[in-house]
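Because the structure is a prediction, the values reported are computed rather than measured. Only heavy atoms go into these numbers, but all of them, side chains included; no hydrogens, no water, no symmetry mates.
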Amino acid sequence: MVHLIYCDNAGKKGEKVLDKILAGTKTMVIRGAAGRKIPHSRVFEGERVYFMEKGSALITATATVKAVQNFVKLTDDEITKILEENQSKLNLSEKQKARWHKKCLCLVEFENVTQIESLNFEHQGNMDDWLIIDKIEDVVVGTSIPYNYEKSKLTSF
């Protein structure tokens with residue numbers, strides 16, 4: 001599987017996520033919710049991730065997943081500890097720390113970040129900010145296929 005990650009790049013208060021990734025000051029992304037949701041338990045070491053700026057419709061970078069940490073039913077203290085322990089890789093602003101203070105967390109560390117020739121993303125309907133697909137061409141203009149959430153479904157432990 002490959003993964004497409006939308007990155008906030010609002011520019012306010014150091015939240016330019018993709019810029020941090022390309023500069024090498026951010027080597028881990030986080031997703032969290034009250035319960036398990038994409039990409040929790042569905043991203044694995046060695047898989048390819050692609051990055052795009054939210055709202056840009058351009059896929060501009062790729063990397064390889066180095067390590068994944070999945071957590072469920074965390075207490076407030078555990079969440080704070082996990083965020084602190086990984087801050088050197090996550091490089092989160094205070095606003096982002098508050099946003100990702102969730103009971104279920106998925107931390108994805110990556111390596112070998114490479115800028116690529118921009119690919120035109122074909123947005124379809126109500127897509128999440130993390131897509132799990134067979135190949136990146138499945139969401140690129142000219143080669144895209146109708147997106148469904150089959151690849152994103154949770155498997156039982």
**Q** Give the cluster check for Leu83 versus Val29: same hydrophobic cluster or not, with ILVMFWY residues linked at side-chain heavy-atom distances below 4.5 Å.
**A**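 Not linked; separate clusters.
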
**Q** Calculate, to the nearest 0.5 Å, the distance between atoms CD1 and CG belonging to Ile145 and Asp134 respectively.
**A**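 Ile145 atom CD1 to Asp134 atom CG measures 6.5 Å (nearest 0.5 Å).
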
**Q** Mind checking whether Gln96 and Val17 have side chains closer than 4.5 Å, heavy atoms only?
**A**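 Counting from C-beta outward, Gln96 and Val17 do come under 4.5 Å.
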
**Q** Hey, could you give me the NZ/CE distance between Lys135 and Met1, rounded to the nearest 0.5 Å?
**A**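 So the gap between those two atoms works out to 10.0 Å.
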
**Q** Please enumerate all residues that pass side-chain contact (heavy atoms from CB on, under 4.5 Å) together with Thr75, with sequence neighbours excluded.
**A**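 Counting only residues at least two positions away or on another chain, Thr75 forms a side-chain contact (heavy atoms from CB on, under 4.5 Å) with Asp77, Glu78.
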
**Q** Indicate yes or no: at least one non-hydrogen side-chain atom of Cys7 is less than 4.5 angstrom from one of Ile21.
**A**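 Contact flag for Cys7/Ile21 side chains = yes.
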
**Q** Name all pairs fulfilling the ring pair (Phe, Tyr, Trp, His ring centres under 6.0 Å) condition that reach into residues 60-109, sequence neighbours left out, sorted by first residue then second.
**A**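 Not a single pair qualifies under ring pair (Phe, Tyr, Trp, His ring centres under 6.0 Å).
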
**Q** Between Ser118 (side chain) and Leu58 (backbone), is there a donor-acceptor pair under 3.5 Å?
**A**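 Flag not set: sc Ser118 to bb Leu58 has no pair under 3.5 Å.
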
**Q** Looking at every heavy atom in both Ile5 and Arg31, which two are closest together, and how far apart are they?
**A**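 For Ile5 and Arg31, the tightest heavy-atom pair comes out as CG2-NH2, 3.3 Å.
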
**Q** Say whether, by atom type as modelled, one donor and one acceptor occur between the side chain of Arg42 and the main chain of Lys37 under 3.5 angstrom.
**A**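 A pair under 3.5 Å: yes.
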
**Q** Taking the side chain as every heavy atom from C-beta outward, state whether Leu4 and Arg48 have any atom pair closer than 4.5 Å.
**A**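 The answer is no; the side chains never approach within 4.5 Å.
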
**Q** How close do Gln69 and Asn86 get, heavy atom to heavy atom, and via which atoms?
**A**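 Looks like NE2-OD1, 3.3 Å.
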
**Q** Tell me the closest heavy-atom pair linking Ile38 and Trp130, and the distance in Å.
**A**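 Heavy atoms of Ile38 and Trp130 come nearest at CG2-O, 3.3 Å.
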
**Q** Take Val72 and His40 through the side chain to side chain contact (heavy atoms under 4.5 Å, CB included) test and state the conclusion after the steps.
**A** CA-CA 9 Å; Val72 294; His40 198 286; 3.7 Å; yes

**Q** How about Tyr6 and Tyr50: are their ring centres within less than 6.0 Å of each other?
**A**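 Ring centroids of Tyr6 and Tyr50 are no less than 6.0 Å from each other.
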
**Q** Locate the shortest heavy-atom distance separating Ser41 from Asn70; write the atom from each residue and the value.
**A**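 Taking every non-hydrogen atom into account, N-OD1, 3.1 Å.
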
**Q** To the closest 0.5 Å, what do you measure between CG (Leu22) and OG1 (Thr25)?
**A**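 These two atoms lie 9.5 Å from each other.
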
**Q** Give me the one residue out of Val139, Val141, Thr62, Ile59 that meets side-chain contact (heavy atoms from CB on, under 4.5 Å) with Leu119.
**A**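 Option passing the side-chain contact (heavy atoms from CB on, under 4.5 Å) with Leu119: Ile59.
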
**Q** Mind checking the CD1-CG spacing from Ile82 to Leu105? Nearest 0.5 Å is all I need.
**A**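 The distance works out to 6.0 Å.
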
**Q** In chain order, what residues pass the side-chain contact (heavy atoms from CB on, under 4.5 Å) check against Lys81, with sequence neighbours excluded?
**A**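 Partners of Lys81 under the side-chain contact (heavy atoms from CB on, under 4.5 Å) test: Glu85.
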
**Q** Let me see the working for Lys95 and Asp8 under salt bridge (Lys or Arg N to Asp or Glu O under 4.0 Å), right down to the final yes or no.
**A** CA-CA 12 Å; Lys95 183 178 175 185; Asp8 280 331; over 6 Å; no

**Q** Only pairs under 3.5 Å count here: list side-chain donor-acceptor contacts from residues 106-116, not counting sequence neighbours, and write none if there are none.
**A**
residue : atom : partner : partner atom : Å
Glu109  : OE1  : Lys89   : NZ           : 3.3
Thr114  : OG1  : Asn112  : O            : 3.3

**Q** Which pair of heavy atoms, one from Val43 and one from Val68, lies closest together, and at what distance?
**A**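 That closest heavy-atom pairing would be O-CG2, 3.5 Å.
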
**Q** What pairs with Glu53 under side-chain contact (heavy atoms from CB on, under 4.5 Å), at least two apart in sequence or on another chain?
**A**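 Asn9, Leu18, Ser56.
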
**Q** Taking a hydrophobic cluster as the set of Ile, Leu, Val, Met, Phe, Trp and Tyr residues connected by side-chain heavy atoms closer than 4.5 Å, whether directly or through intermediates, do Met28 and Val65 fall within one such cluster?
**A**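 No; tracing contacts between hydrophobic side chains, which count when under 4.5 Å, never links both residues.
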
**Q** About how many Å separate OG of Ser93 and NZ of Lys16, when rounded to the nearest 0.5 Å?
**A**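 So the gap between those two atoms works out to 13.0 Å.
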
**Q** Taking side-chain contact (heavy atoms from CB on, under 4.5 Å) as the test, write out the residues that go with Gln87, two or more places apart.
**A**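 Testing Gln87 for side-chain contact (heavy atoms from CB on, under 4.5 Å), a comparison that skips the adjacent residues, returns Leu90, Leu92, Lys97.
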
**Q** With rounding to the nearest 0.5 Å, note down the distance linking CD1 in Ile79 to CD in Glu84.
**A**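 The CD atom of Glu84 is 12.0 Å from CD1 of Ile79, to the nearest 0.5 Å.
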
